[in-house]
Amino acid sequence: MSDTVENSHREAQARTVAIIMDGNGRWASGKGLPLEAGHREGTRALRRTVEAAIDEGVRALVVYAFSTENWTRPADEVSTLMVILDETIAGELPDLARQGVRTRFLGRRDRVPPHTRESMDALELSTAERATLDLWIAFDYGGRAEIVDAARSCVADGLAPADVDEAAIAARLNAPELPEIDLLIRTSGEFRISNFMLWETAYAEFVFTETLWPDFDADDLRAALAAFSSRDRRFGGR
Ligand code: IPE
Ligand code: IPE
Ligand code: MG
């Protein structure tokens, strides 16, 4: 095979990037601060990262903000996270919308407080025409639940077994219009996927960094994008 064909496996730029934003708790405890301070600083890191992603030409960013398993955390932490979500929707996300960010949410919406659900819906509607970057916030999201829901929807739609193929499942995921993930970043030195984007990361490149999420910045994003650019993606081929 010629060099040209081999080099064609290299992609210059990750267009769809997912981030498991982990390490807020350790950031706070390392500084002797309350846990809440870590989660709040995490919101600032999100804003910084979205702005950096725009500068770097990333087209879509999918961030893991709250998993289906995070409900098992102490009630006071869960309610703090709900309040921070409300504050982020009211403060940071409208600011980002002014920079062209369209925000949508992935995951269940029936277990967050009703006023939060309303503001999620309203933000999606009000940013629907923004086109600089698509931001997907996974909140009360679980990758297995997403696939189970898609399977249920195949049954509800009366599909014959032979018609339940990859396209049928993909069309019934939380956000069928979300492209496959090119690059998945996980912060805080953990090497696991924790039920995030199980279907969508089938051929993603993974980058793990020791940086705790509240410390993540444009340099960390650029380093991850550079690592992606140097990878040889083969998709099972030659
Ligand atoms: C990620 O930070 C935020 C959420 C999971 C909501 P953590 O709160 O998991 O931080 P660590 O892993 O305890 O440091
Ligand atoms: C994954 O982080 C979920 C989010 C970042 C929202 P966790 O901290 O919940 O994951 P585990 O428990 O370390 O696997
Ligand atoms: Mg964690």
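Order of listing sets the numbers, starting from 1, for every ligand and every atom in it.
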(request) Give the numbers and elements of all ligand 1 atoms closer than 4.0 Å to a heavy atom of His39. (result) 3 (C), 8 (O)
(message) If we count only non-hydrogen protein atoms and require a distance under 4.0 Å, does atom 12 (O) of ligand 2 qualify as touching the protein?
(response) no
(request) Please identify which atoms of ligand 2 are closer than 4.0 Å to at least one heavy atom of Phe66. (result) 6 (C)
(message) For the 3.5 Å polar cut-off, considering only N or O atoms, please tell me whether Glu190 and ligand 2 meet it.
(response) no
(request) For the pair Arg234 and Asp232, find out whether any cationic side-chain nitrogen is under 4.0 Å from an anionic carboxylate oxygen. (result) yes
(request) Starting from atom 2 (O) of ligand 1, locate the nearest protein heavy atom and write down its residue, its atom name and how far away it is, to 0.1 Å. (result) Asn24 N, 3.2 Å
(message) Starting from atom 14 (O) of ligand 2, what is the nearest protein heavy atom, named by residue and atom, and what distance separates them?
(response) Ser194 OG, 2.6 Å
(request) Answer yes or no: does atom CD of Glu177 have more than 12 heavy-atom neighbours from other residues, nucleotides or ligands under 6.0 Å? (result) yes
(message) Nearest non-hydrogen contact with atom 9 (O) of ligand 2 belongs to which option: Leu81, Asn70, Asn195?
(response) Asn70
(request) Measure the distances from the heavy atoms of Arg186 to every atom of ligand 2 and state whether one is below 4.0 angstrom. (result) yes
(request) Would you check the N or O atoms of Asp22, main chain and side chain alike, for any that come under 3.5 Å of an N or O of ligand 2? (result) yes
(request) For atom 10 (O) of ligand 1, find the nearest protein heavy atom and state the residue, atom name and distance (0.1 Å precision). (result) Gly25 N, 2.9 Å
(request) Look at the N, O or S atoms of Asp22, main chain and side chain alike, and state whether any lies under 2.8 Å from the Mg ion (ligand 3). (result) yes
(message) As an exercise, identify every atom of ligand 2 less than 4.0 angstrom from a heavy atom of Arg192.
(response) 11 (P), 13 (O), 14 (O)
(message) Between Arg48 and Glu51, does any side-chain N to carboxylate O distance fall below 4.0 Å?
(response) no
(request) Please indicate whether any nitrogen or oxygen in Trp27 is less than 3.5 Å from any nitrogen or oxygen in ligand 1. (result) no
(request) Could you tell me whether the side chains of Ser79 and Asp76 share a donor-acceptor contact shorter than 3.5 Å? (result) no
(message) Please determine whether a side-chain nitrogen of the Lys or Arg among Arg26 and Asp22 lies less than 4.0 Å from a carboxylate oxygen of the Asp or Glu.
(response) yes
(message) Strictly below 4.0 Å, N to O, side chains only: are Glu87 and Arg40 in salt-bridge contact?
(response) yes
(message) Just to confirm my output: which protein heavy-atom neighbour is closest to atom 5 (C) of ligand 1, and how far is it?
(response) Arg73 NH2, 3.3 Å
(message) Between Glu124 and Arg104, does any side-chain N to carboxylate O distance fall below 4.0 Å?
(response) no
(message) Applying a heavy-atom cut-off of 4.0 Å, say which part of Ala65 lies close to ligand 2: side chain, backbone, both or neither.
(response) backbone
(request) Look at Asp110 together with Arg117 and state whether they make a salt bridge at an N to O cut-off of under 4.0 Å. (result) no
(request) For atom CD of Glu129, decide whether the heavy atoms of other residues, nucleotides or ligands shown that lie under 6.0 angstrom number more than 12. (result) no
(request) Give the numbers and elements of all ligand 1 atoms closer than 4.0 Å to a heavy atom of Arg26. (result) 11 (P), 12 (O), 14 (O)
(message) Atom CZ of residue position Arg47 - does it have more than 12 heavy atoms of other residues, nucleotides or ligands inside 6.0 Å?
(response) yes
(message) Please work out, at 4.0 Å between heavy atoms, whether the side chain, the backbone, both, or neither of Met21 comes within that distance of ligand 1.
(response) backbone
(message) Parallel, tilted or perpendicular: which one describes the rings of Tyr64 and Tyr141, with boundaries at 30° and 60°?
(response) perpendicular
(message) Other residues, nucleotides and ligands only: do more than 12 of their heavy atoms fall within 6.0 Å of CZ on Arg109?
(response) yes
(message) Heavy-atom distances under 4.0 Å decide this one: backbone, side chain, both or neither, for Glu69 against ligand 2?
(response) neither
(message) When you measure from the heavy atoms of Ser188 to every atom of ligand 1, does any distance fall below 4.0 Å?
(response) no
